[in-house]
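Scope of the values below: all heavy atoms of this structure, side chains included, with no hydrogens, waters or symmetry mates. Residue numbering restarts at 1 for every chain, and letters A, B, ... go by the order of the sequence lines.
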There are 2 protein chains.
Amino acid sequence: MADKEVIKILTENNLKVTPQRVAVLEVIMGLENHPSAENIVDYIRLNFPHVPFGTVYKILDAFIEKEIIQRVKTENGIIRYDSVKKPHHHLYCEDSERIEDFYDEDLNKLLENYFKKKKIPNFTIKDYKLQIVGKFKV
Amino acid sequence: MADKEVIKILTENNLKVTPQRVAVLEVIMGLENHPSAENIVDYIRLNFPHVPFGTVYKILDAFIEKEIIQRVKTENGIIRYDSVKKPHHHLYCEDSERIEDFYDEDLNKLLENYFKKKKIPNFTIKDYKLQIVGKFKV
DNA sequence: CCCCATTAGAGAATGATTCTCTTTTGATAT
DNA sequence: ATATCAAAAGAGAATCATTCTCTAATGGGG
């Protein structure tokens, strides 16, 4: 249960290792779903039936500050979360709520080269995220 | 005041022309700001001091359904709005709330060509939106 | 094993957005 | 022009995700 990897991440980031934090991080890293706060609470409550939303939000905020996870914007304003691994892009399904990570080294290089040549006036680029909108085939 | 262009857009989309709708659309198309619902209400109230939020939200929903405008995602979950003109991308400032449209035909072509060659398994692309995160120089 | 800063718990508060119900109004046909 | 009526606006309550506040519990260094 006590996931070594998860505990390592917490200690490396100077976050006290608590059962709740371990549970939240396990859920986010386990699910490839980009869960919302509600999704996370639902999962945690399978093991800790009384965890309040406030606690989970606080944990998520702590993780975001340490850049262990990041927020994922959605069209409808509900915040979802993603464990940051390598830089990646997102596939958004128009119909369902499905969001999927999209890794593509070539694409990253392509963009990087493109903006190396073509500067944007008065703007310093730090990162780019491509949202690929479309439909998953069944 | 009664903006011909705005009225034309409304009638073309089978939306009844009301002063409130004209005002909302004028604001969104006038401001290049990607205003939030609150911003829009503030502006409208200069002329119609009593417009309720509910009305503006209903108008915005109607416009979105007709694809006259679109939602813009933000990091903090507050929805902002953008009049859809040509396909474009967004510059997000890390520090301020500033969001700016970024037009780049070459970039569109680059992406289009890239994904023409490199198909994503089980996914049909409809559109891509690049979020360029960084900082505006002062 | 003690201490205490940090974290979790509990629940109220907030604030953006949505919903419901009533009144008004734009646009079509008379 | 006027009547008509579906659609839209007004008003305000309701909802729901998120944040805040305050108190109790606890992880981990000494």
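For the pair A:Phe53 CZ and C:dT14 P, the computed distance is 20 Å after rounding to whole Å. In this entry the distance linking CG of B:Leu15 with C1' of C:dT25 reads 15 Å, nearest Å. Taking atom CD1 of B:Ile59 as the reference point, atom P of C:dT24 lies 18 Å away to the nearest angstrom. Distance, A:Asp61 CG to C:dT6 C1': 15 Å, rounded to whole Å. Between the C1' atom of D:dG12 and the NE2 atom of B:His50 lies a distance of 15 Å, rounded to the nearest Å. Rounded to whole Å, the distance from NZ on B:Lys16 to P on C:dT25 is 13 Å. One interatomic measurement links the two molecules: NZ of A:Lys58 to C1' of D:dT18, which rounds to 13 Å at whole-angstrom precision. Here D:dT15 presents its P atom at 16 Å from CD of A:Glu38, a figure rounded to the nearest Å.
Distances shown here put every side-chain N or O of B:Thr18 at or beyond 4.0 Å from the OP1 or OP2 atom of D:dA8. Between C:dA8 and A:Arg21, a contact under 4.0 Å exists linking OP1 or OP2 to a side-chain N or O.
The closest side-chain donor-acceptor pair between B:Asp101 and B:His34 falls under 3.5 angstrom.
Within 4.0 Å of A:Thr55, counting heavy atoms only, lies at least one base atom of the nucleic acid. Residue contacts for A:Ala62: at a heavy-atom cut-off of 4.0 Å it reaches no nucleic acid atom on any strand shown.
Taking the six-membered ring for Trp and thresholds of 30 and 60 degrees, B:Phe123 and A:Phe136 have ring planes more than 60 degrees apart, a perpendicular arrangement. B:Tyr103 and B:His88 have tilted rings, their planes meeting at an angle from 30° to 60° on a 0 to 90° scale.
Remark: B:Lys73 is positioned above the aromatic ring of A:Tyr92, its terminal NZ or CZ atom under 6.0 angstrom from the ring centre and at most 45 degrees off the axis.
Nearest-nucleotide mapping onto DNA chain D: of A:Thr11 and B:Asn14, the residue sitting toward the 5' end is B:Asn14.
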